[in-house]
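Report on one structure; see the data block that follows.
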Amino acid sequence: MSDSDKPKKPQLIQPRTLKGFRDYLPESMIPRERLIQIAREVYRSFGFSPIDTPTLEYLEILTGKGSDETDRQLYKFQDHGKRDVGMRFDLTVPLARFVAQHINELGTPFKRYHIAPVWRGENTQRGRYREFMQCDFDTIGTLSVAADIETGLVINALLSAIGFERFTIHINNRQVLNGLLEKQGLSEQATPVLRSLDKLAKTGEDKVVAEMIATAGTTEEQARSVLTMATLEGTDQEILTQLKPLVRGSELGEAGVERLEQILAGLQSGGVPSERIKLDVSIARGLDYYTGAIFETFLDDLPNIGSVCSGGRYDNLAELYTKRQLPGIGASLGLDRLLAAMEELNMITKVKTPADVLVTYFDKGSLGKYLEIAASLRTAGIKVELYPDTKKLGQQLKYADARGFDYAIIAGEDELSRDALQIKDLKTGQSTEHLIANAATELAAIIKKADSH
RNA sequence: GUGGCUGUAGCUCAGUUGGUUAGAGCACUGGAUUGUGGUUCCAGGGGUCGGGGGUUCGAAUCCCCUCAGCCACCCCA
């Protein structure tokens, strides 16, 4: 038989995902959804409302602020109607468009949260993907310090609800930085100066000074004075005291310091433990549009992973799309970073099922009975899976074990003849017999008790 | 976008100076006289050695290209 006569193998397409794009298996999706669920509940508990916007926007909406970086990272193409479109690269630009378009219906202040994927065609690295989730919350249309404080309260509530106890919210105010720059005659070069300053923790003082001289054209003296302020140390109160003379004479700077004092006091009133708050004059965040309070949150046990929740105040969110000035403040939870951190800190229990209980399919003729049992358990709020085949009990339990179920229901002819079933605790291996009629309430109580531990 | 490192089974890797039918552990599927898992034992499925081209009698092994991953830089609106 020659090669050409051999039956051809069907040509298979290699299953693969695009660079920077990921599949999520149940094992990783379950903790992921849990985190998103917690974020939703916390946001809602502060009165933020959910919104969503389209994945695709007109290209001009997204490139409005255009820079080379935008071009490099934006996924863009022409749709079938020859329109130039792009995929959103963050949730802030769509929010700006959204409020410009709907602010009259929404009214101010407007508080929204938005949890959705965004796309950036940037180079991949650990923790940096081309498709990733953002979890933003923002308050639009108020300058009140109450909104600034609330942002910190939300961050505290979020991380606490997720299960973190040891974390620090670093707080700064761009006004202070800008006030100082104003005094130094560096207002024009604010952006490159702050961009350099933001690298302080990473590269060290001398390099930052060198970069400021090189890229922002400052004198060494100017650069040093910016650093003097940025490297102030001590308690929050001590830093505030040292800050005051440094900004004296700059209206902006003085207002900024006062604002910081109010925010710190407010967070305390709001119940945030003082060890979780740190006035940090060195954080600037690269983003140009921040004009007021700035937040970055670090895990005390894993500071190297970077900020897991950051944000800040901006003066004019939607200036590209409307004449109406809309100030606001918001922040974003770094979902991927947080999940990576939780994994590293062993805060994630590995399960492959969302269900609590596996109902084994034991006696072939009793499928109806098993369906009834499963239904009654669900009615009691228990998540239940019914095994679909009458395999040997040992194998069904093996399945339950491998997937991470906590309990199995076992009921063969013997139990069913007594209108009873066994609840087997898969962690301890012990089983108890219950009347079917009472099983749902009793199991719900058992689960509740186990959860509270 | 720039530079460096890596790529053998789903995962972690072994594979002698290029030499027959490419291996192990874990995982997966099934079984160990048909009502109880996480231990053990047995068996099985699964790999065009990332892909393409080249050198060679012969390539997982050497060369080129490409794709993907990791690290650093850039950047992070």
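Quick note on labels: first sequence line is chain A, next is B, and so on, each numbered from 1.
Ion pairing between a basic and an acidic side chain is recognised when a charged N comes within 4.0 Å of a carboxylate O; A:R88 and A:E57 show no such pairing. Contact check on A:K111 versus A:D138 returns no salt bridge, with no Lys/Arg side-chain nitrogen under 4.0 Å from an Asp/Glu carboxylate oxygen. No salt bridge links A:D84 with A:K76; every basic N to acidic carboxylate O contact stays at or beyond 4.0 Å. Classification of A:E385 and A:R403 as a salt-bridged pair fails, no side-chain N sitting under 4.0 Å from a carboxylate O. Between A:R120 and A:D90 there is no salt bridge, since no side-chain nitrogen of the basic residue lies less than 4.0 Å from a carboxylate oxygen of the acidic one. Taking a cutoff of 4.0 Å between a charged side-chain nitrogen and a carboxylate oxygen, A:D206 and A:R224 qualify as a salt bridge.
As a whole-Å value, the separation of A:F132 CZ from B:rC76 P is 13 Å. In this entry the distance linking CG of A:D90 with P of B:rC75 reads 18 Å, nearest Å. Rounded to an integer number of Å, the gap from A:L25 CG to B:rC11 C1' is 12 Å. Computed from coordinates, the A:K364 NZ to B:rU34 C1' distance equals 13 Å when rounded to whole Å. Atom CZ in A:R337 sits about 10 Å away from atom C1' in B:rC76, given to the nearest Å. Computed from coordinates, the A:D136 CG to B:rC76 P distance equals 17 Å when rounded to whole Å. When rounded to the nearest whole Å, the span between CZ of A:R88 and C1' of B:rC76 equals 18 Å.
When Watson-Crick and G-U wobble pairs are counted only if both distances are under 3.5 Å, B:rG7 pairs with B:rC67. Look at B:rU17: it lacks any Watson-Crick or wobble partner with both distances under 3.5 angstrom. Across all strands shown, B:rG47 forms no Watson-Crick or G-U wobble pair with both key distances under 3.5 Å. Here B:rU2 sits opposite B:rA72 as a Watson-Crick or G-U wobble pair (both hydrogen-bonding atom distances under 3.5 Å). The partner of B:rG35 is absent, by the rule that a Watson-Crick or G-U pair needs both atom distances under 3.5 Å.
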Taking only nitrogen or oxygen atoms into account, show me every contact under 3.5 Å that the protein makes with nucleotides 36-39 of chain B, one pair per line with its distance.
from, atom 1, to, atom 2, distance (Å)
B:rU36, O2, A:K424, NZ, 3.0
B:rU36, N3, A:Q422, OE1, 3.3
B:rU36, O4, A:Q422, OE1, 3.0
B:rU36, O4, A:Q422, NE2, 2.3
B:rG37, O6, A:G429, N, 3.2
B:rG37, N1, A:L426, O, 2.3
B:rG37, N2, A:D401, OD1, 2.6
B:rG37, N2, A:L426, O, 2.8
B:rG38, O4', A:D401, OD2, 2.9
B:rG38, N2, A:L426, O, 3.2
B:rG38, N2, A:K427, O, 3.4

Pick out the pairs of N or O atoms, protein on one side and nucleotides 69-72 of chain B on the other, that lie under 3.5 Å.
from, atom 1, to, atom 2, distance (Å)
B:rG69, OP1, A:G20, N, 3.1
B:rG69, OP2, A:K19, NZ, 2.9
B:rC71, OP1, A:R126, NE, 2.8
B:rC71, OP1, A:R126, NH2, 3.4
B:rC71, OP2, A:R126, N, 2.6

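Here the separation of B:rG69 from B:rU12, taken at their C1' atoms, is 16 Å to the nearest Å. To the nearest whole angstrom, the two C1' atoms, one in B:rU8 and one in B:rC13, are 9 Å apart. Nucleotides B:rU66 and B:rG3 place their P atoms 12 Å apart, quoted to the nearest Å. Nucleotides B:rU6 and B:rC41 are separated by 37 Å at their P atoms, to the nearest Å. B:rA59 and B:rU20 have their P atoms separated by 11 Å, with the value rounded to a whole Å. Spacing between B:rG15 and B:rU61 at atom C1', rounded to whole Å, works out to 9 Å. Across B:rU40 and B:rG45, the matching P atoms stand 22 Å from one another, rounded to whole Å. Using atom P as the reference point in both B:rU55 and B:rA60, the two lie 16 Å apart (nearest Å).
Applying the side-chain contact (heavy atoms from CB on, under 4.5 Å) test between A:T297 and each of A:I171, A:L333, A:L159 identifies A:L159 as the sole match.
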From CA spacing to verdict: side chain to side chain contact (heavy atoms under 4.5 Å, CB included), A:R40, A:I115 = CA-CA 8 Å; A:R40 271 197 198 107; A:I115 300 175; 3.9 Å; yes
Show your working on salt bridge (Lys or Arg N to Asp or Glu O under 4.0 Å) between A:R128 and A:D336 and close with a plain yes or no.
-> CA-CA 9 Å; A:R128 295 179 80 169; A:D336 284 304; over 6 Å; no
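Note on A:K392: a side-chain N or O is less than 4.0 Å away from OP1 or OP2 of B:rA32.
Within the structure, side chain to side chain donor-acceptor pair (under 3.5 Å) contacts touching residues 356-371 of chain A (residues at least two apart or in different chains) are A:D363-A:S366.
With contacts defined as side-chain heavy-atom distances shorter than 4.5 Å, the pair A:L62/A:V93 qualifies.
Where A:T92 and A:A411 each meet RNA chain B at their nearest nucleotide, the meeting point lying more 5' is that of A:A411. Summary of the strand contacts: A:D414 and A:K352 both lie near RNA chain B, and taking for each the nucleotide with the nearest heavy atom, the more 5' one is attributed to A:K352.
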